[in-house]
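Everything on this sheet refers to the single structure shown next.
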Amino acid sequence: MEILFLNPVLKETIWGGTRLKEYQCELSSDHVGECWAISGHPNGDGSIVGGTYDGKTLSWLWQEHRELFDSIDGEVFPLLTKIIDANQDLSIQVHPDNAYAREHENGALGKTECWYVLDCEENATIIIGHNAKTREEMVEMIEEKRWKDFLREIPIHKGDFFQIEPGTLHAIKGGTLILETQQNSDVTYRVYDYDRLSNGKPRELHLQKSMDVITVPYQEPEKSTGIYGITENTNLKELVSCPFYTVWMLDVTDCEKLLQDQHFMLASVVEGEGTVEGIPISKGSHFILPKGIDEVVFHGTMKLILSAVS
């Protein structure tokens with residue numbers, strides 16, 4: 001059984017920048033905001049690099065070789081890993097859950113996601129949640145554009161981690177780099193976009209759908225226990241576990257052995273360099289550990305974010 005390395009899909013955005021170059025991305029412009037690092041989504045289907053399945057897309061692999069993923073059920077590959085370079089503020093937005101997306105977005109999945117802050121400016125902030133106590137107050141604040149009163153803005157630092165449940169109002173601010181683990185969905189509802197123009201026109205807002213799905217009042221998610229999880233290795237820290245995924249951080253300081261007892265695992269190197277099973281990897285490397293690889297040996301000095309379906 002072989003490790004599956006992936007070619008990322010890059011996305012130009014109105015708010016993107018150039019920092020994805022730090023993660024082995026070859027940029028086509030100065031406004032590349034998203035690296036879909038491990039993705040089997042129709043809007044960005046990554047391809048395998050090298051080995052038996054060289055050039056095949058992840059969605060093809062999911063359909064044709066489900067045994068690599070422990071033959072689990074599901075029409076689409078369940079997870080998506082992104083790196084986001086917010087050179088400017090992202091729009092204020094919210095995501096639906098599975099039930100709402102299925103009904104209103106042609107059967108699409110909803111979007112639960114989480115963020116690991118790779119880097120941010122000094123005194124950086126992020127928007128997570130809102131201050132409305134009732135749905136009536138929420139509608140009033142949005143219609144009157146009382147964003148300063150409405151939005152919940154909190155300070156962030158490099159290494160912070162946030163779980164973003166469906167219904168949570170959120171926005172990444174300029175000067176922030178994050179690694180995002182999410183359900184395989186591209187459904188986003190914009191509430192406010194700072195009246196910016198794209199090709200001379202304001203970008204579409206989705207106010208009614210947003211107000212349908214925003215959770216009122218805002219509910220702060222439970223903090224992860226930080227329990228060291230699936231191996232005896234104390235350098236593996238669980239960041240979050242929810243019905244759709246579990247996410248860990250692995251610190252490699254010399255040699256680390258990882259027990260791969262999940263259906264499959266996604267891995268992204270976010271700092272440093274080294275090897276996995278003797279194969280060179282470094283910041284910006286992304287790969288899948290399929291079913292059948294039971295133990296993985298890492299050498300080097302690096303930090304990785306790992307994820308698996310729950």
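What you see is a predicted model; the values in this text were computed from it and never measured. Atom set for the values below is all heavy atoms of this structure, side chains included, hydrogens, waters and symmetry mates excluded.
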Can any side-chain N or O of [X] pair as donor or acceptor with the backbone N or O of [Y] at less than 3.5 Å?
X	Y	result
T125	P155	no
N87	G33	no
W62	G74	yes
R196	R203	no
S29	H31	yes
H130	T215	yes
H286	G284	yes
R152	N131	no
R19	G175	no
D160	H157	yes

Hey, could you give me the [atom1]/[atom2] distance between [X] and [Y], rounded to the nearest 0.5 Å?
X	Y	atom1	atom2	value
I142	L169	CD1	CG	7.0 Å
L90	W15	CG	CH2	4.5 Å
F264	L79	CZ	CG	5.5 Å
H41	S185	NE2	OG	6.0 Å
F161	I156	CZ	CD1	13.5 Å
F287	I281	CZ	CD1	4.0 Å

With the 4.5 Å side-chain cut-off for hydrophobic clustering, are [X] and [Y] part of the same group?
X	Y	result
V296	L4	yes
V276	M265	yes
L80	L61	no
L239	L250	yes
M249	L177	yes

[X] side chain near [Y] side chain, heavy-atom distance below 4.5 Å:
X	Y	value
Q182	I164	no
R66	Q63	yes
E295	L258	no
V187	P96	yes
L68	Y53	yes
K291	M1	no
Q163	C242	yes
F77	T57	no

Can you name the closest pair of heavy atoms from [X] and [Y] and give their distance?
X	Y	value
A267	I38	O-CD1, 3.9 Å
G40	D45	CA-OD1, 3.3 Å
V252	L304	CG2-CD1, 3.9 Å
A171	I92	CB-CD1, 3.7 Å
V297	K257	CG2-CG, 4.0 Å
T81	S307	OG1-OG, 4.5 Å

Counting only heavy atoms not in [X] (residues, nucleotides, ligands), do more than 12 fall under 6.0 Å from its [atom1]?
X	atom1	result
N106	CG	no
E22	CD	yes
E26	CD	no

Does E105 come within less than 4.0 Å of K111, counting only side-chain N to carboxylate O?
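Salt bridge between E105 and K111, a charged N being under 4.0 Å from a carboxylate O: no.
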So, are E153 and K173 salt-bridged, with charged N and O less than 4.0 Å apart?
yes
Just do the side chain to side chain contact (heavy atoms under 4.5 Å, CB included) check on F162 and I154 with the steps written out, would you?
CA-CA 12 Å; F162 301 95; I154 59 174; 3.8 Å; yes
No-hydrogen, no-angle side-chain donor-acceptor test under 3.5 Å, [X] and [Y]:
X	Y	answer
E2	T52	yes
E34	T13	no
E238	T246	no

Test [X] against every option in [options] by the side-chain contact (heavy atoms from CB on, under 4.5 Å) rule and name the one that passes.
X	options	value
C114	L179, I305, V247	V247
L306	L236, T181, L266	L236
S285	L6, V270, V269	V269

In terms of ring plane angle, is the pair H170 and H95 parallel, tilted or perpendicular, where the classes change at 30° and 60°?
tilted
According to the interplanar angle, ranging from 0 to 90°, do the rings of H104 and Y100 count as parallel (below 30°), tilted (30 to 60°) or perpendicular (above 60°)?
parallel
Picking from W36, W115, Y116, what satisfies side-chain hydrogen bond (donor to acceptor under 3.5 Å, both in side chains) with E180?
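Passing option: W115.
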Criterion side chain to side chain contact (heavy atoms under 4.5 Å, CB included) on I293 and E277, from CA distance to verdict:
CA-CA 11 Å; I293 294 181; E277 292 296 300; 5.8 Å; no
Full working for side chain to side chain contact (heavy atoms under 4.5 Å, CB included) between M302 and E273
CA-CA 5 Å; M302 50 189 171; E273 60 184 3; 5.7 Å; no
Do Y23 and D85 pass the side chain to side chain contact (heavy atoms under 4.5 Å, CB included) test, and can you show the C-alpha distance, the side-chain angles, and the key distance before you say yes or no?
CA-CA 11 Å; Y23 296 86; D85 172 18; over 6 Å; no
